[in-house]
Amino acid sequence: MSAPAPRLLNLTVRVTRIRSRNSKGVILFGHLVDVAQMFNDRTKAVVVRVPATLVNPCNFDVGEIWQVYGEATEIKRDVGRVVLTETQIEAIDVNLERPSGSQVVQWLSHNIRGIREVKAQKLWDAHGESLYDILDNENHDAIIDIIPSEEIRNGLFEEWLKNGDAKTLRFVQERGIPLEIARKAIKFHKINTKRKLLEDPYRMLSFMGSWKLVDQLAQEKFGVTFDDTRRLAAVLEEGLYKGLDDGHTCQPFHDLYAVTRKLLAPHPYPEVAFNDALLQGHAAGQFMVSESGDCKKMLHSAGAWVMEKTVAQFILDLLRSSEQNHPNADIDQIIADFESAEQQRLGATGFALNEAQRKAVSTSYHNRFSLITGGAGVGKTTVLKALYKALDTLGAPRFQMALSGRATARMSEATHEPATTIAGFICKVSSQEIAPGTIIVIDEASMLDLVSFYRLTRKLPKDIHLILVGDPYQLPPIGAGLIFHLLCEMPGIPATELTLVKRQARDSGIPVAAIKIRGGELPKLSTDPGQDVAFIPCPDNEIISTVMGLYDQDRKNTQILCATKSCRFAGTQEINRVSHFRYVAVNKPLMLQNVDTGELEDTGFRVGDLLLYTANNWQRNLQNGCLGLLTEVFDESCQVNIGSEKAPCIRTAVGKADYNGVEHYILDTDVDVMELAYGITVHKSQGSQFPRVIVPVRRSRILDRTLVYTAVTRAQQQVIMVGDEQAVRAAVEAQPKAFRRQVGLRVMLCEFFQVTCMF
């Protein structure tokens, strides 16, 4: 690489990418153009640094053509066999030569068959603002040189007449609204886009616009003042959006006000200034306002309010009609017959349901809505199998489901009945298949978030029979809301808790440790790695080496569970990187052919690698969370039939893997949904169990009681924690973050049960 002395140049540059934009300035990528000749020299890359003292960094957009004067340096870079010349310019002066027309260019390339971005850009370069008039007037002659096909021109004018809106596209262009936001706004508001954004430019927040960008546009392009009521209402709404990221569906105004002070810095406003904003935001439907049990003013994001209201009403309707009479069913006899059949199947004459299990069968049989709760290994699956024998007497359809593909697969394996994900049920099962009295069973219900449950309730009729099964002490849902954990707290909901652990041997220390952790106490743990439950203290920089030493002792039966992916001291990425080079680096690589160059590329996987499948492929019985082993890689890719003889499905295979004891081809399309699995996250492990578990732990914001409890209860025979014991103790003793979520569903249900509700 060489760097000659800079020289002064005056260049015409089309912006192709904005690398960075901040208060100091903007860095643009582009290429040289000749506007008069409509010529684009894409062989010469240009990097332009424009200080904020020249032009507001927000005034630049992809597709614009700028006249740039400044100190230029030519740099040559060797890229393989090609030498690229790059011009870097420190701008002294810049002037907008031609606006981008990015909105109309994008509209044309996305909506008109036969016109892609390059041709759409040529239309704009040739005609600029007059292109709108050409499209409005169906002027074939003006564009025939660029689009010689009459069929494409006819399609263009026809589509523009139906869906094109020159005024709106011009408006978003003039106001500098970024493409991604403009497209979403136009798709939602259609011909009303201009009016809606003029009424309240902060509506752009709904289309994933950042607060900083939207607030700047509102002030600079729409004339909004600092104390505008629309701005103050919008900052409250933005605070609610941020709360959703942390799982909250509502927040006390006082807490929300603290968030607004940060967003409005350095010019925050006193609480009293928000009185009108509260009224306006509520009236406009930006958020809902309610009073909590201790007279706190609560704000709810509008979407979450609607979903929680719907979910609450669905549950209450089931509870009001909950008690069912089935006079012909003798539950005791059904349980006795089930026990006898299991004794013969297992060869265990002493097999019998315990009292809590018998109660769970009866309760969930007789009520339209019920919960079955309990930790790992307490026999929830056994209850379901006995319950299904009783429910069979009703002659109603039954659907098993769970949120994740892996949990669904384990549910099907355990009960020997078909199961599906909630998303799969919603998409694939028709309303005609859901007859009156249909039985719905949801396993691993602690993972159930508000959006998923809301979508399910919209699908189901009011007269169904719903059973939720799970452990309320496990990790909360990744998405916002709190369903199962909250329902377990509610008095009056038919529920049975199973407590007798059957998974581990009677003298195992795992259940005792799990119960203490669940209650907020970290028990005294041995430092002997041979014990059922052990803790090996060590500093952060020794965690991985210690984990690997323990892992080497019994790799076949061990799974490493991490709190997060990216932590360099204890994350799955680092664990997997180290393990890959430690165990399989010299093995045969899995190669994939580049579709563009035809050359073989190394995927990074080797024979012997442990794999995690991260998608749901029901046709091949592969679910998100399936664990496997890369057993073979092919010298050359080959065509295989993954369908049947009657319905063949030919795909390209590059190797083989064993997933959960079943051999599968690795297709070329699988590589993008495969990860190394020497270490997986605790979230991914929910619904699974392993003989031996190693858990690297260190102080972090996501380490809490539910994560530790979930990790410990994945182990059947032994669990070893490695790392910072004080961090784990503090996390276990603190209230779980899940229980601190602010959710509107709580007060909605409290009203029905007539109990005091404190947010």
Side-chain angles (χ1 to χ4, degrees), residues 175 177 181 184-185 188-189 192-265 267-310 312 450-451 454 480-481 741-748 759:
R175 300 296 170 121
I177 299 173
I181 299 176
K184 293 173 185 175
F188 184 80
H189 292 299
N192 296 316
T193 301
K194 180 177 180 179
R195 178 174 61 83
K196 289 291 186 180
L197 295 186
L198 284 173
E199 286 176 358
D200 187 356
Y202 290 97
R203 285 193 168 109
M204 288 185 283
L205 290 171
S206 301
F207 306 111
M208 304 302 290
S210 70
W211 169 258
K212 185 176 181 180
L213 173 62
V214 172
D215 190 38
Q216 188 170 17
L217 285 172
Q219 293 179 55
E220 295 182 358
K221 302 291 186 177
F222 291 82
V224 173
T225 58
F226 282 132
D227 59 350
D228 192 303
T229 305
R230 294 173 298 175
R231 182 173 186 250
L232 299 185
V235 79
L236 291 172
E237 184 182 15
E238 176 69 6
L240 288 171
Y241 286 150
K242 289 185 176 297
L244 285 172
D245 293 338
D246 293 326
H248 305 298
T249 61
C250 61
Q251 293 182 71
F253 171 70
H254 184 74
D255 292 352
L256 207 53
Y257 173 68
V259 176
T260 70
R261 291 183 62 84
K262 296 179 182 178
L263 291 171
L264 295 176
H267 305 294
Y269 285 82
E271 286 192 39
V272 68
F274 284 88
N275 289 338
D276 290 340
L278 282 168
L279 295 174
Q280 178 167 310
H282 187 203
Q286 292 172 263
F287 45 76
M288 306 299 293
V289 182
S290 68
E291 297 286 342
S292 69
D294 55 354
C295 298
K296 288 181 181 177
K297 193 181 295 293
M298 301 295 299
L299 272 67
H300 308 247
S301 59
W305 171 271
V306 171
M307 287 189 284
E308 286 185 310
K309 272 290 190 183
T310 303
L450 174 60
V451 173
Y454 167 76
R741 287 191 181 187
Q742 304 279 358
V743 292
L745 183 62
R746 180 177 281 112
V747 72
M748 296 171 187
F759 277 88

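When the side-chain contact (heavy atoms from CB on, under 4.5 Å) test is applied to Asn275, the partners found at least two apart in sequence or on another chain are Val272.
We find the CG-OG1 distance between Asp228 and Thr225 to be 4.5 Å, quoted to the nearest 0.5 Å. The SG atom of Cys250 sits 3.5 Å away from atom CE of Met298, with the distance rounded to the nearest 0.5 Å. A distance of 5.0 Å separates CZ in Phe226 from CD in Gln219, rounded to the nearest 0.5 Å. Interatomic distance, Ile181 CD1 to Leu213 CG, rounded to the nearest 0.5 Å: 5.0 Å.
Nearest heavy-atom pair across Met748 and Ala312 is CB-CB, 3.9 Å. Smallest separation of non-hydrogen atoms from Leu244 and Ala304: CD2-CB, 4.4 Å. Taking each heavy atom of Asp227 and Leu232 in turn, the nearest pair found is O-CD1, 4.4 Å.
Residues Phe253 and Leu278 meet the side-chain proximity criterion, which asks for heavy atoms closer than 4.5 Å. For the pair Val743 and His248, the minimum side-chain heavy-atom distance is 4.5 Å or more. Side-chain atoms of Phe188 and Thr193, non-hydrogen and from C-beta on, never get closer than 4.5 Å to each other. Put simply, the side chain of His254 reaches to within 4.5 Å of the side chain of Glu271, judged on heavy atoms. For the pair Arg175 and Leu198, the minimum side-chain heavy-atom distance is below 4.5 Å. Residues Val235 and Val259 have side chains not in contact (no heavy-atom distance under 4.5 Å, counting atoms from C-beta outward). For the pair Arg231 and Leu264, the minimum side-chain heavy-atom distance is below 4.5 Å.
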Per-pair distances, 0.1 Å, donor-acceptor, side chain in residues 236-243, under 3.5 Å, sequence neighbours excluded:
residue : atom : partner : partner atom : Å
Glu237  : OE1  : Gln286  : NE2          : 3.0
Glu237  : OE2  : Tyr241  : OH           : 2.9

Please output the side-chain donor-acceptor pairs of residues 200-208 that fall under 3.5 Å, not counting sequence neighbours, one pair per line with the distance.
residue : atom : partner : partner atom : Å
Asp200  : OD1  : Tyr202  : N            : 3.0
Tyr202  : OH   : Asp215  : OD1          : 2.6
Arg203  : NH1  : Lys196  : O            : 2.7
Arg203  : NH1  : Glu199  : OE1          : 3.2

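Taking the six-membered ring wherever Trp is involved, the centroid distance between the rings of Tyr257 and Phe274 falls below 6.0 Å.
Side-chain atoms of His300 and Thr249 form no donor-acceptor pair, as typed in the model, at a separation below 3.5 Å.
Of the possible donor and acceptor atoms, one in the side chain of Arg741 sits under 3.5 Å from a partner among the backbone N and O of Gly481. For the pair Gln742 (side chain) and Gln251 (backbone), a donor-acceptor distance under 3.5 Å is absent.
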